[in-house]
Participant: 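First the structure, which I've put down as structure tokens, then a few questions once you've had a look.
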Amino acid sequence: MAPWKALPEHLDPQAGRLVDRLRRLKDATGLSFTALATRTSYSRSSWERYLNGRKLPPADAVTELAVLAGADPDRMLALHTLAAQTWTGPQPKDAATPGTSGAGPEPTEPEPAPDPGAAPEVAATAPAPAPAEPDTPAAVPPALIGEPDAPAEPVRARPARRTLLAAGGALVVVAAVLAVVVTLVLPGRGSAGAGEEEHRRTATEEFAFKPDRTYDCDIHRFEGRLYAGHSDTQDALLQQISTTWEVVEAQCLLEHRGYRIGGIDGAYGPATERAVKRLQDKEGLVVDGIMGPHTWEALRR
């Protein structure tokens with residue numbers, strides 16, 4: 001297999017790491033560029049640009065190559081997200097085209113004009129807000145304006161109304177009694193005081209990194225420590241390209257402590273590393289940008 005060309009000098013280390021990893025995956029498949037175009041949704045010319053560092057590959061192309069090579073797509077998407085933050089070359093989108101057989105001519109793809117900026121694209125694709133409905137009461141017939149309230153039904157119907165009101169009141173009383181019984185019967189519920197700390201809450205689903213997803217933070221204290229509802233770890237080692245619930249937990253607590261990172265996405269990127277270094281510097285710890293037991297202890301205070 002022919003050696004790869006040197007990557008462009010303007011590529012950031014994160015971008016170079018992504019392209020290098022994609023090259024290894026292609027080598028692992030043993031496929032040529034033509035065969036790769038047949039097995040994926042992208043043409044030969046597109047793959048040549050992606051793997052020579054001339055264009056940032058789309059996330060779907062990264063996923064397809066990872067699946068062909070038997071690699072972890074989530075890890076590759078994490079590398080893609082970090083590379084996209086620092087990519088300095090043009091980044092037009094390649095339209096995915098159906099794979100073709102090796103015998104026929106390869107479809108060509110038009111080169112889209114450079115995107116003038118991210119903001120116009122967001123504005124063009126964002127759904128138009130639904131018109132707000134006026135919060136006004138229904139129109140009152142003119143004939144009723146200023147008139148005194150008249151009985152809506154004969155006097156004979158009022159006992160039935162009183163009966164319904166009495167039944168509704170009885171239901172409210174029964175519901176209140178049931179609530180008291182449930183509170184007293186369930187273990188630990190009746191003895192919890194209003195001033196006690198909340199129970200620790202952590203995520204239970206398996207983490208799967210998605211580039212466009214962000215997470216909410218449930219900041220609370222348990223036994224004197226801060227938690228954000230995603231992990232209860234005290235010593236997980238985290239560094240760049242880590243993608244776990246522990247990263248989400250660290251990002252939430254960093255934002256809560258005032259160390260801004262820009263978004264809670266579960267990917268330990270450069271912004272998260274800088275925030276960790278600022279925390280370590282303030283707490284007198286070793287400033288290496290890696291989350292460890294001492295940094296977790298300082299973050300959960």
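Given the structure is predicted, the values throughout are model-derived calculations rather than measurements.
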Participant: In Å, rounded to the nearest 0.5 Å, how long is the span from CZ of Phe209 to CD1 of Ile241?
Facilitator: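 Those atoms lie 11.5 Å apart.
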Participant: List the residues meeting salt bridge (Lys or Arg N to Asp or Glu O under 4.0 Å) with Arg274, not counting sequence neighbours, and say none if there are none.
Facilitator: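 Counting only residues at least two positions away or on another chain, Arg274 forms no salt bridge (Lys or Arg N to Asp or Glu O under 4.0 Å).
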Participant: Keeping Arg21 on the side-chain end and Met76 on the backbone end, is there a donor-acceptor pair under 3.5 Å?
Facilitator: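 No, because the side chain of Arg21 does not come within donor-acceptor range (under 3.5 Å) of the backbone of Met76.
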Participant: Output the distance between atom CE (Met291) and atom CG (Asp235), rounded to the nearest 0.5 Å.
Facilitator: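 The distance works out to 10.5 Å.
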Participant: Is Arg23 salt-bridged to Asp27, cutoff N-O under 4.0 Å?
Facilitator: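 No, Arg23 and Asp27 are not salt-bridged.
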Participant: Give the minimum heavy-atom separation between Pro293 and Leu237, together with the two atoms involved.
Facilitator: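 Closest approach of Pro293 to Leu237: CD-CD2, 4.3 Å.
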Participant: Following the transitive rule for hydrophobic clusters with a side-chain heavy-atom cut-off under 4.5 Å over Ile, Leu, Val, Met, Phe, Trp and Tyr, establish whether Leu31 and Leu51 coincide in one cluster.
Facilitator: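 Both belong to a single hydrophobic cluster.
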Participant: Can you name the nearest heavy-atom pair linking Val62 to Pro57, along with the distance?
Facilitator: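 Closest heavy-atom pair between Val62 and Pro57: CG2-CG, 4.0 Å.
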Participant: Using the rule given for side-chain contact (heavy atoms from CB on, under 4.5 Å), can you reason through Ser41 versus Glu64, listing the C-alpha separation, both sets of side-chain angles and the distance that settles it, and then say yes or no?
Facilitator: CA-CA 8 Å; Ser41 304; Glu64 291 186 26; 3.1 Å; yes
Participant: Using a 3.5 Å distance criterion without hydrogens, assess whether the side chain of Gln280 forms a donor-acceptor pair with backbone atoms of Ile290.
Facilitator: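 Such a contact is found between Gln280 side chain and Ile290 backbone.
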Participant: With hydrophobic residues grouped by side-chain heavy-atom distances under 4.5 Å, do Phe207 and Ile264 end up in a single group?
Facilitator: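 Yes, Phe207 connects to Ile264 through the hydrophobic network.
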Participant: Say you draw a straight line from OH of Tyr42 to CG of Leu36; how long is it, rounded to the nearest 0.5 Å?
Facilitator: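 Atom-to-atom, Tyr42:OH and Leu36:CG are 11.5 Å apart.
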Participant: The test is side-chain contact (heavy atoms from CB on, under 4.5 Å); show your working for Gln85 and Leu82 and say whether it passes.
Facilitator: CA-CA 5 Å; Gln85 296 174 358; Leu82 297 177; 4.3 Å; yes
Participant: Could you check whether any side-chain N or O of Gln251 sits under 3.5 Å from a backbone N or O of Asp265, counting only pairs where one atom can act as donor and the other as acceptor?
Facilitator: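 Present.
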Participant: Between Glu255 (side chain) and Ile261 (backbone), is there a donor-acceptor pair under 3.5 Å?
Facilitator: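 At least one qualifying donor-acceptor pair exists.
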Participant: At what distance, to the nearest 0.5 angstrom, does CG of Leu65 lie from OG1 of Thr40?
Facilitator: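 The distance works out to 8.0 Å.
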Participant: Taking Glu273's backbone N and O only, do any of them form a donor-acceptor pair with Arg278's side chain (distance below 3.5 Å, no angle check)?
Facilitator: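 It does not hold such a pair.
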Participant: Is it the case that Lys26 places NZ or CZ above or below the six-membered ring of Phe33, under 6.0 angstrom from the centre and within 45 degrees of the axis?
Facilitator: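 Checked: cation-pi criterion met.
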Participant: Determine whether Gln234 and Arg300 satisfy the following criterion, side-chain contact (heavy atoms from CB on, under 4.5 Å), listing intermediate values before the conclusion.
Facilitator: CA-CA 9 Å; Gln234 307 292 333; Arg300 292 196 185 277; 3.7 Å; yes
Participant: What's the shortest heavy-atom distance between Leu299 and Arg257, and which atoms?
Facilitator: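 Shortest heavy-atom contact: O-NH1, 3.1 Å.
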Participant: What pair of heavy atoms forms the shortest contact from Trp245 to Glu206, and how long is it?
Facilitator: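 Minimum heavy-atom separation between Trp245 and Glu206: NE1-C, 3.7 Å.
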Participant: Ignoring hydrogens, what is the shortest heavy-atom contact between Ala37 and Arg44? Give both atom names and the distance.
Facilitator: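 Here Ala37 and Arg44 meet closest at CB-N, 3.4 Å.
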Participant: Looking at Leu253 and Ile219, what are the two nearest heavy atoms and their distance?
Facilitator: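 Looks like CD2-CD1, 4.0 Å.
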Participant: Test Thr233 against Glu249 for side-chain hydrogen bond (donor to acceptor under 3.5 Å, both in side chains), laying out the working first.
Facilitator: CA-CA 9 Å; Thr233 184; Glu249 179 82 2; over 6 Å; no
Participant: Any donor and acceptor pair, going by atom type alone, linking the side chain of His230 with main-chain N or O of Asp218 inside 3.5 Å?
Facilitator: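 Checked: no pair found.
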Participant: Treat each ILVMFWY residue as a node, draw an edge where side-chain heavy atoms are under 4.5 Å apart, and state whether Trp296 and Leu285 are in one component.
Facilitator: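 Result: no, two separate clusters.
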Participant: May I ask you to decide if the ring planes of Trp47 and Tyr50 are parallel, tilted or perpendicular, using 30° and 60° as cut-offs?
Facilitator: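 Trp47 vs Tyr50 ring planes: perpendicular.
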Participant: Counting distance only, does the side-chain N/O of Asp20 pair as donor-acceptor with the main-chain N or O of Gly16 below 3.5 Å?
Facilitator: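 No.
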Participant: Quick check for you: to the nearest 0.5 Å, what is the distance between Leu56 atom CG and Leu18 atom CG?
Facilitator: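 Spacing of CG (Leu56) from CG (Leu18) equals 7.0 Å.
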Participant: Please tell me whether Ser45 and Ser43 have a donor and an acceptor in their side chains that are separated by less than 3.5 angstrom.
Facilitator: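 On atom types as modelled, these side chains qualify, holding a pair under 3.5 Å.
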Participant: Rounded at 0.5 Å granularity, tell me how far CH2 in Trp87 sits from CG in Leu11.
Facilitator: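 Going from CH2 on Trp87 over to CG on Leu11, the span is 5.0 Å.
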Participant: Backbone N or O of Thr63 within a donor-acceptor pair of the His80 side chain at under 3.5 Å?
Facilitator: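 Judged by distance alone, no pair lies under 3.5 Å.
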